[in-house]
Amino acid sequence: MLRLALSCFVGLLLSAAAQAAPELKVRADFPNGSARVESIDQATRTITIQPHPQPERGWVCWWYFKVEGVQPGETLSVQVNGSGFTIPDRAAFSEDDRTWKQTEPGEKQKDRIIFKQQVAGKEAWFAWGPPFALKQANELIQRWVKDSPHASAFELCKSKDGRAVPGLKVQQAGVKDEERLGIWVHARQHAWECGSSWVGRGFVDWLLSDDAAAETLRKKATVWIVPIMDVDSVERGAGGKNQKPHDHNRDWSDQPIYPEVQAAIKHIAELDKAGRFDLFLDLHNPGPGDKQPFFFIPPPEIMSVIGRRNLDSVLHACQAEMRGPLKLDEKPRESGANYDANWRRISKNYVRAKSRDHVVSVCLETAWNTPNSTTEGYLRLGQELGRAVERYFREATRGK
Ligand SMILES: [Zn+2]
């Protein structure tokens, strides 16, 4: 009895000690994870990391990690070393790796930022923005196909590393096949730009919804959506942008090196040849100082009179619909020779130049460094983008 009481007492002491100072640990050994731990100060509960460097795979700006050993209720300090694109004003934070919120604004210095976050449970996840990796893309596509008779899955290709690149096709019985509009939407040619995949998800959620405008669009168009183009960089937790020898959005040429770009070009060219291609939407996230979404548009030299008129109609429809917390900046930006020497290899420019005159091809850059750059904000913008697309095809005369 005495021995039992003693062992209980010792046990209580041990658990009290453990409660006082559980050991904080950081893990990023999962798909899309990225962190190089610089230090963990167990006394001040401060974790210091930087993105895991993979310089050959583009910008070192993406970070996403799990913290274990949290004393429930305690406040952690998370310091991220880096600058510019690496340090958002607010970090993404989750207690279940599914539901993402923003932290309060961090304390920013030139080459680092420190976030403080109270954590309710024993573990937490922190990231540059709300993560969206291959697992989420596959789960969503499965759910969309299960829940909607108008959605079907397709495999765009196998990536260089051998991963299946998933896509979704949406159409509802309506107009004859030869009259159907063709719309291509993809995100994540740059792996770190997770917000663009959330915008794509918002677009699909709306497209498959009961909204009468969504049904109208499903009946007259076929929509192809690829939530993640550069799946290999996403799964490796790399930035992807400006990777060697070039990234996906400088690969749109007659000799593309990435299987995803090869497959997309082939698919789009076939649609265009059949007279069933009308709109190309390339989804991105811009620079840290861009506080509103905006469009990059092709330069005038690769647009016909009809193409320019249709582009104006798309921009007009987007200005009318994209008025939520992430409100569209009405001034588009051109990406021609003055923007990049390889401007012809940017996807929207390549598609514009190679497709029929009436086809509109644009890149939507969604602001990521604002209080509204949350999963809710991104989903809403995607929904507004869907409404804008439907409005464009309702109001414009396409002029094929
Ligand atoms: Zn980008």
Side-chain angles (χ1 to χ4, degrees), residues 32 34 51 54-55 57-64 82 84-88 127-133 137 165 184-203 225-253 256-258 260-261 264 280-298 326 328-329 332-336 339-352 361-370 373 377-378 381-382 385:
N32 198 222
S34 170
Q54 304 176 68
R57 293 201 77 96
W59 289 0
V60 180
C61 61
W62 170 255
W63 45 273
Y64 170 24
F85 286 78
T86 310
I87 51 171
W128 174 92
F132 189 114
V165 181
W184 182 274
V185 186
H186 68 210
R188 302 294 275 290
Q189 294 205 83
H190 296 140
W192 63 277
E193 298 167 13
C194 58
S196 64
S197 288
W198 285 94
V199 172
R201 174 181 165 179
F203 178 93
I225 302 106
V226 180
I228 302 174
M229 284 288 278
D230 186 3
V231 295
D232 289 342
S233 295
V234 166
E235 292 300 281
R236 288 165 179 246
K241 169 103 176 170
N242 283 1
Q243 62 187 279
K244 308 277 187 237
H246 57 247
D247 64 45
H248 282 56
N249 204 26
R250 297 296 182 278
D251 193 40
W252 291 65
S253 72
I257 61 170
Y258 295 109
E260 298 87 2
V261 176
F280 177 80
L281 297 171
D282 179 29
L283 306 180
H284 288 256
N285 288 131
D290 296 308
K291 302 298 184 183
Q292 284 180 266
F294 66 91
F295 281 101
F296 271 120
I297 59 171
L326 286 169
L328 183 68
D329 184 340
R333 304 181 197 177
E334 250 175 51
S335 49
Y339 175 77
D340 189 323
N342 287 320
W343 67 277
R344 288 184 187 278
R345 300 168 65 108
I346 296 173
S347 60
K348 66 149 191 332
N349 290 341
Y350 179 86
V351 170
R352 178 45 266 135
S361 181
V362 289
C363 157
L364 175 63
E365 297 273 3
T366 300
W368 54 269
N369 200 22
T370 81
S373 305
Y378 290 139
L381 189 75
L385 177 64

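Predicted, not measured: the structure shown is a model, and the values here were computed from it. Indexing begins at 1, ligand by ligand and atom by atom, following the structure's order.
Relative orientation of the W128 and W192 rings is perpendicular, given thresholds of 30° and 60° on the angle between their planes. F296 and Y339 have tilted rings, their planes meeting at an angle from 30° to 60° on a 0 to 90° scale.
Atoms OG and CG, from S373 and N285 in turn, are 8.0 Å apart once rounded to the nearest 0.5 Å.
Around the Zn ion (ligand 1), protein N, O or S atoms at less than 2.8 Å number 4.
In this view, H190 and E193, D247, H284 satisfy the side-chain hydrogen bond (donor to acceptor under 3.5 Å, both in side chains) rule, not counting sequence neighbours.
Under the 4.5 Å side-chain criterion, counting only non-hydrogen atoms from C-beta, V351 is not in contact with D282.
A cation-pi arrangement, defined by a distance under 6.0 Å to the six-membered ring centre and an angle within 45 degrees of its axis, is absent between R201 and Y378.
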